[in-house]
Amino acid sequence: MTRSIAIAALTMSIGATSCGSKGSSLIKVDGSSTVFPITEAVAEEFKKKNGNVNVTVGISGTGGGFKKFCAGETDISDASRPIKPTEVEACQKGGIEYVELPVAYDGIAIVVHAKNDWATSITTEELKKLWEPEAQGKITKWNQLRPEWPDKEIHLFGAGVDSGTYDYFTEAIVHKEHSSRGDYTSSEDDNVLVQGIANDELALGFFGFAYYEENKAKLKLVPVDDGKADNGAGAIAASPETIRNSTYQPLSRPIFIYVSKKSLERPEVASFGKFYLEQATTLVPEVGYVPLQDKAYSLATARLEKKVTGSLFEGKGSQVNVSIEQVLEKASQ
Amino acid sequence: MTSVSAEADTAALAMRASQPPVELVSGSNGGVERAFRAICLLAILLPLMLLVLLFGGALIEAIPRLSWDFLTSYPSRRAAAAGILPALVGSAGLMLLTAVMAIPVGLGAAIYLEEYAKPGKVTALIELNISNLAGVPSIIYGLLGLEVFVRVLNLGRSLIAGAATLALLLLPMVIMASREALRTVPRSLREACFALGADRWQTLRQVVLPMCMPGVLTGVILSLARAIGETAPLITIGALTYVAFLPDSIDSPFTALPIQIFNWVSRPQPEFHINAAAGIVVLLALMLMMNGAAIWLRTRLRRRIYW
C-alpha cells in the first residue's frame, strides 16, 4: 500500500517539475524523410553553438509534416516538394503564414544492373512509355522500348507510392502526379531497391541519387535524355554537377523547409533558419545531397529576413524543370 | 480414498499391464515415435537457429560500433560519432511509465474478473472483448492514443502519451497473464483461509496475491519486452526521430530505440547500417535482460512461498 502511494507521489512530482522546464527554447521540425538528414545535420551543428536551444526533428512525410505545421504544432516543416493547394488551404484555416526556403537539390537516378551493357542511355519518352499506367502488363521486354535492346524481360523497381520521390518521378515522367503502372517492385526503403537491382541483371529502377552514390560498385547509372537542347543536349548522367547546374532534367528537384512566420518572431527560430541557409553549402553534400548555387542561398536568406510569405510555386505541388535560382531571382525583382 | 476405488485402481493397473500396449514402444510404432520426436526437435531448433543467425549476423556487423560511446552519444550526421543515448533513455522511460500504468490497472481488472465478478453474460462479454483486444494490431492502439491522449486529453506528443498508448496495448496481455496466475492459486488455500475467519480482502492480500505474484510479474515483464520493440503506435502518436537532449519530464518530446534503428537502416551510407546493427544488438540485449529478470523474479518470489 505504502509503495503504491510512493509511486503516485513520484508520478505527481514528475508532473509538477515538468511544468517549469517547458521553456521557449524548443524548435520543432517535422516532415519529409528526404530532407531529414540535412535538418539533422544543421540541428547538430546549431546545438554546438547554441547549447540552450533544443531542436527536435520528426519524420512524418511531407504531407504529414504539413498537417502538423498548418495546425500550428511545429515551427518548421521539411518538404521534398512545394506545398500543395490543399495544404495551402489548411494553413490558411490554421492561420499559419510561412516562408518557403529551398535548401538543396535531390536527383532521381535511373539505374540498371552493373552487368547491363545495352542500356547506355534512355530518353524521357521511353521512360514514359515504360512507366505510364497503360504500360501495365504490356511493356514487359527490353526490346519493346528500343528494338536493338535484347528480347528479354524487363524487371522494374521503384519508390513506394507514399514517397515524395514517387510523386515527383510520376509528375516528371508520366506528366501526371501519382500515376504509374502498378506491376513493379516498390519499396519505401531505397536500400531495398538497391539490393533488388543489384541482384537482377534485367532490372531497371529509380530512386534517390544519394543511394546510387553509396552503391556505385553494384549498379550502373543510365544517362537520361530529355530531348531538349537548351539544358544540355543528348543524354545526361546524374552527378552532383549536372544536378546542381540544372542540366540533369527533368529528374532533379529542389527540396525545401517551410518556416512559420509566427515562430520567426522567436529569435532562436530566426537564427536557426539563417544558420540553416549559411551552413547548407557545406552540410548538404556531407549527407549525400546536392547544394544549391551560392546565389540561391543568399536570395533565400534575403527572403527569410524580409519574411516573404507564400510559395514560389503558387501552391501547385510537384513541378518539373525548375531552376530554383531563376525562380528566386524572378521573385526578388 | 476408499478401499473399493483402490481395488478398482489396482485392477485397472493390472489390466494395463497385461494388455499389449508394450507394442507401442517397439516395432513399427517405434519408428513413428522417433520421427515425431525428430520433428518436435526440429521445431524447436529451427526458431533457435534463426534467432542465433539473426543475432549473430547483427552482432558481427555491429562489433566495430559497440562501445560505451555508442551508448552515451547523441545522434549525429557522422555515423561514427552517432550514438543512441536519447533513444535508449526514451525507451527506458517509456517502459517505466508503461509498467506504472499497466500493472495496477491490469492486475486490478484480473482480480475483479477472477475473484469478484459473478459469472454471467456481462462478464462473458468483458472476457471475450479482452481476448479480442489482445489480437488488435498495434497501429490501431496508436490511432486511439493519438486521438484520446494526444488530442482529447491534450497530453501532446509526449513521453506520457506514448507510455499511455503502450499501456493500453499491453493491458489485455497483462490481464490475461494475471488471471492465469490467479487461477494457479489452489482453491483449497482460499477455503482454508476463509475457514480461519479471514474475509475476502484479507485472503487476497495475504494469501492469493503473494502466491500469484511470480506469475503476474513474469507476464508483465514478457509483455513489456514486446512493447519495447513497438514502433508503429509510437510513430502514430508522433514520436520524433532526432532528439539531441534527454527527456527531462513526462511531457517531454522523445524518441525510442526502434525508431532510431529504422532511421539508420533507411539511410544510404553503409556506415549507418552498422549503427543500425549495433542498435539492434542493444535492443535485443535489453529484451534478453528483461526476460532474464522475469525468470530471476519468478524463482526468487517462488522461494518465499510455503505450502
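In what follows, every chain begins at residue 1, and chains take the letters A, B, ... in the order their sequences are listed. The model shown is predicted, which means the values in this text are computed figures rather than measured ones.
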Proximal to chain A - members of residues 147-155 of chain B, heavy-atom separation under 4.5 Å
none
Drop me the distance from [X]'s [atom1] to [Y]'s [atom2], to the nearest 0.5 angstrom.
{"X": "L240(B)", "Y": "I59(A)", "atom1": "CG", "atom2": "CD1", "result": "10.0 Å"}
{"X": "K47(A)", "Y": "S76(B)", "atom1": "NZ", "atom2": "OG", "result": "13.5 Å"}
{"X": "F36(A)", "Y": "S266(B)", "atom1": "CZ", "atom2": "OG", "result": "9.0 Å"}

Before you tell me yes or no, could you show the steps for F245(B) and V55(A) under side-chain contact (heavy atoms from CB on, under 4.5 Å), namely the whole-Å CA-CA distance, both residues' side-chain angles and the distance that decides it to 0.1 Å?
CA-CA 9 Å; F245(B) 54 91; V55(A) 183; over 6 Å; no
Do R157(B) and E73(A) sit within salt-bridge range, that is, some charged N less than 4.0 Å from a carboxylate O?
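Yes, R157(B) and E73(A) are salt-bridged.
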Greater than 12 external heavy atoms within 6.0 Å of K67(A)'s NZ:
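12 or below, so no.
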Counting only heavy atoms not in K48(A), do more than 12 sit closer than 6.0 Å to its NZ atom?
yes
Taking every heavy-atom pair that is under 4.5 Å apart, which of G64(A), G288(A), A210(A), G208(A) has the most such pairs with chain B?
A210(A)
Checking [X] against chain B: side chain, backbone, both or neither under 4.5 Å from a heavy atom?
{"X": "T56(A)", "value": "both"}
{"X": "K68(A)", "value": "side chain"}
{"X": "L283(A)", "value": "side chain"}

Before giving the answer on side-chain contact (heavy atoms from CB on, under 4.5 Å), spell out for V57(A) and T241(B) the whole-Å C-alpha distance, their side-chain angles and the decisive distance to 0.1 Å.
CA-CA 6 Å; V57(A) 193; T241(B) 309; 5.8 Å; no
Please rank V243(B), N263(B), I235(B) by heavy-atom pairs under 4.5 Å with chain A and give me the top one.
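Heavy-atom pairs under 4.5 Å are most numerous for N263(B).
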Step-by-step side-chain contact (heavy atoms from CB on, under 4.5 Å) determination, H273(B) to N191(A)
CA-CA 10 Å; H273(B) 303 165; N191(A) 285 312; 3.3 Å; yes
E214(A) vs R267(B), test: salt bridge (charged side-chain N to carboxylate O under 4.0 Å, His left out). Steps then yes/no.
CA-CA 10 Å; E214(A) 293 294 334; R267(B) 296 289 273 265; over 6 Å; no
Could you tell me if the side chain of L26(A) sits less than 4.5 Å from the side chain of P253(B), heavy atoms only?
yes
Counting N and O atoms only, with roles assigned by atom type, does the side chain of E40(A) sit under 3.5 Å from a partner on the main chain of Y242(B), one being a donor and the other an acceptor?
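Answer holds: no.
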I'd like to know if the side chain of D190(A) reaches the main chain of P268(B), judged simply by a donor and an acceptor atom lying under 3.5 Å from each other, with no hydrogens or angles considered.
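Not a single qualifying donor-acceptor pair exists.
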Shortest non-hydrogen contact between A41(A) and R77(B), atoms and distance:
CB-CD, 3.2 Å
